[in-house]
**Student:** 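Handing you a structure now.
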There are 4 protein chains.
Amino acid sequence: MAAAGAARRGRPRSPEARGKILSATAELLAEGGFHAVTMEAVAARAGVAKTTIYRWWPNRAAVALACVSARMAPIAEDGPAGSHRERFRRQLKATNRLLNSLEGQAITALIGAKQTDPMLAEAYSEQIARPRRAQTRLLLMQAIRAGEVAAGTDPDEFLDAIYGPIYYRKIVSGETVTDAFIDRIVDAAFAGFSAAP
Amino acid sequence: MAAAGAARRGRPRSPEARGKILSATAELLAEGGFHAVTMEAVAARAGVAKTTIYRWWPNRAAVALACVSARMAPIAEDGPAGSHRERFRRQLKATNRLLNSLEGQAITALIGAKQTDPMLAEAYSEQIARPRRAQTRLLLMQAIRAGEVAAGTDPDEFLDAIYGPIYYRKIVSGETVTDAFIDRIVDAAFAGFSAAP
Amino acid sequence: MAAAGAARRGRPRSPEARGKILSATAELLAEGGFHAVTMEAVAARAGVAKTTIYRWWPNRAAVALACVSARMAPIAEDGPAGSHRERFRRQLKATNRLLNSLEGQAITALIGAKQTDPMLAEAYSEQIARPRRAQTRLLLMQAIRAGEVAAGTDPDEFLDAIYGPIYYRKIVSGETVTDAFIDRIVDAAFAGFSAAP
Amino acid sequence: MAAAGAARRGRPRSPEARGKILSATAELLAEGGFHAVTMEAVAARAGVAKTTIYRWWPNRAAVALACVSARMAPIAEDGPAGSHRERFRRQLKATNRLLNSLEGQAITALIGAKQTDPMLAEAYSEQIARPRRAQTRLLLMQAIRAGEVAAGTDPDEFLDAIYGPIYYRKIVSGETVTDAFIDRIVDAAFAGFSAAP
DNA sequence: ACGTAAGCGAGACGGTACGTCTTGTCTTTTG
DNA sequence: CAAAAGACAAGACGTACCGTCTCGCTTACGT
């Protein structure tokens, strides 16, 4: 708010440049994956000076992240039809489709890159992970209130128990994630977190 | 047998060079993480020509992988004490300790790198993932025979259900993995995969 | 004028860098001959990035050429004393001293290199050969006007007839060029090109 | 002699290998000039081990030289028809054709390479330059005895005076050598070295 | 209205590491 | 014991990007 009120001096930053940078990044991601998103390529493609990119993002990973988080649709809100278990299944299958899409390739690449880049890890956490986790947490709360999941359940533990295996197959083992696998994992979690330990 | 019997011609490759390369890689991993494992640095540290490294590994990731897989202790075989559930807990906690160790840093870095490097992905799968999975699968089979896990359980589904959340926290969300978390995940899996679906 | 008026965009190239590169090249030429003029060595010695060198010269021969042509004194203008025959003798002896100097080693090396490098051949022609030939041609014209050389003489034929043997001994046969040899060659040329064919 | 008499033990040297090496060298010279004659390429093309080449020649230049000097026809002995001036003209024109041929490309490349390679320079001198000079010197001696060239003429000076300009144009200035140019140079030399200075 | 502060394009710069190429040597097995 | 095979140390090559820097030009706010 302060910044907005201060009426910043000097030439205001060009929203057009920002748009061209993100579009160019998206194209490069589509064509050659994260590997193709080099600062030089983005600048050339966007018709923008490298300095302009560096003014707003510290490195290529941050640019790719901004691009992905701007373009990534929020988790599908596909209506309250069915049980909460059913709604989790749909949510996980949507996530799986996302991970298999082009944006998904960028996401896994970013998850890969953040292993060796703390700043990117932080950015990923804030811009991608936290918002999505907040959203899925709401559904879990409803499920708990509805009695489908045990009352004392730690939300993160439950959510990690169902999202973990999906990401694990995608990122660690490389096996394909089938709908059947998702069904089994959700069932196991609902069973595991309903019965009192 | 075929390879041994073939009596290869020409100067045999130097096991000494291989050893020096892997040692140098290990040192660099320890000092600066995967980021520090550049071909130049490895060659310089090992007192070896770059070409010698390239003759045997296609890129730095492969070298680091070879280094890690050579040095990584196999999953601790800590004896059959306790229930299978208990043994799984111990196994997962050992894995967690491994991931938090220096080798673990290399492993997560490699998992990160393989997101954008199919050859590394394949190498990781063969040299790290498959052997470890084979080992854990044995324990699961015993648990199934002992009736602690339902008879029809797909081994990969069960194992992904317990290893997935650990790796997820380590690699995707960045949260720390506590022993309590491991206990919960194992309990949930045993509960989820004991009840018939 | 066009170039000056173009108002070049971007950061202007650094004359300092250019100077450091040429100085380093000169030093290396002096120390180890053309053989020592590697891009790496020049860059290291000049405290300049290799890319900066490659931005302006395509290869080490071109750098050495630029260095030599920048440093090479123009053909000594030693005054109009004596006959034209005498002045040619002095000019050839100065050329011989140049070829025997350190720059001369670079020149012969460049002539050697240009045998297998058309671009370098072109550069040599423009930066070294053409200006020197233009200068010697002037003296020949005077000699023709003075009647010391036959009126219809083709300048290039005469000049090749006197410079050819010098370079031939230096570059092809490797024999040393004495002042006596130069005197004989000049005399023979003046005799050969005065009598009408 | 001792060696020959000693009935040398072990596997005898393969003359076949030598032939294959020289053939491969000739092919490479034809295809890519001296630049393409690398030890690796020769070995690969000839189906011969690098060590075998190194056993007989010290470096690639020596191999190329051996190849050229083996293949280069001696100076055409085209009969005593015409004056000695005429015979020199024919000899120089033959030399010019040789320099413009494929072997000629190799020769100029070798002359280029020897500027920075003393060993090659020595080898060139012995294997190429000296034999040819000896041959041309014979013709000059006849010309002197016939009175076409002045009695006191230093053979090397005369021969450098006519060969120099040809090689100069070929190697230094890059201009084409026409028959007319050769005629003029020969005439000038005969005029220059007949009249007493 | 005009000065000045920031944004912007262009592109040169010092660097790092890449993966390749070739050299000349060394160490085996084969003939 | 020579030849063939091929691994080895060394080191330069030319390229790709990095992140920084200096330019001249543009845009909008402040006085």
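The figures here come from the full heavy-atom set of this structure, side chains too, leaving out hydrogens, waters and symmetry mates. Just so we're on the same page: letters track the sequence lines, and every chain starts at 1.
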**Student:** Could you list all the side-chain hydrogen bond (donor to acceptor under 3.5 Å, both in side chains) pairs where at least one residue sits in residues 18-30 of chain B, not counting sequence neighbours?
**Tutor:** B/Glu27-B/Arg45
**Student:** Can you list the residues that meet the salt bridge (charged side-chain N to carboxylate O under 4.0 Å, His left out) rule with A/Arg60, with sequence neighbours excluded?
**Tutor:** none
**Student:** Which residues in residues 51-62 of chain C have at least one heavy atom lying under 4.0 Å from any atom of DNA chain E?
**Tutor:** C/Thr51, C/Thr52, C/Arg55, C/Trp56
**Student:** Quick test of your reading: applying side-chain hydrogen bond (donor to acceptor under 3.5 Å, both in side chains), list the pairs with at least one residue in residues 104-116 of chain D, sequence neighbours left out, ordered by first then second residue.
**Tutor:** none
**Student:** Identify, with sequence neighbours excluded, every residue that meets side-chain contact (heavy atoms from CB on, under 4.5 Å) alongside A/Ala36.
**Tutor:** none
**Student:** Measure the distance from CD on B/Glu16 to C1' on F/dA9 and round it to the nearest whole Å.
**Tutor:** 12 Å
**Student:** Return the set of residues passing side-chain contact (heavy atoms from CB on, under 4.5 Å) with A/Ala44 (not counting sequence neighbours), or none when no residue passes.
**Tutor:** none
**Student:** Partners of D/Lys50 by salt bridge (charged side-chain N to carboxylate O under 4.0 Å, His left out), sequence neighbours excluded?
**Tutor:** D/Glu40
**Student:** Taking all atoms of both residues into account, what is the closest heavy-atom pair of C/Ser14 and C/Ala17, and its distance?
**Tutor:** OG-N, 2.8 Å
**Student:** As a quick check of understanding, evaluate side chain to side chain contact (heavy atoms under 4.5 Å, CB included) for B/Val68 and B/Gln127, giving each step before the final call.
**Tutor:** CA-CA 10 Å; B/Val68 166; B/Gln127 292 175 42; over 6 Å; no
**Student:** Under 4.0 Å from any atom of DNA chain E, heavy atoms only: list the residues of residues 17-49 of chain A that qualify, in numerical order.
**Tutor:** A/Gly47, A/Val48, A/Ala49
**Student:** For C/Pro12, check side-chain contact (heavy atoms from CB on, under 4.5 Å) against everything at least two apart and list the hits.
**Tutor:** none
**Student:** Determine whether any donor atom in the side chain of A/Lys50 lies under 3.5 Å from an acceptor atom in the base of E/dG9, or the reverse, and answer yes or no.
**Tutor:** no
**Student:** Taking five pairs at each end, how big is the angle between the two axes of the helix from E/dA1-F/dT31 to E/dG31-F/dC1, to 10°?
**Tutor:** 10°
**Student:** Below 3.5 Å, does any donor atom in the side chain of B/Arg11 face an acceptor in the base of E/dC26, or the other way round?
**Tutor:** yes
**Student:** The criterion is side-chain contact (heavy atoms from CB on, under 4.5 Å); which residues satisfy it with A/Ser125, sequence neighbours excluded?
**Tutor:** A/Arg130
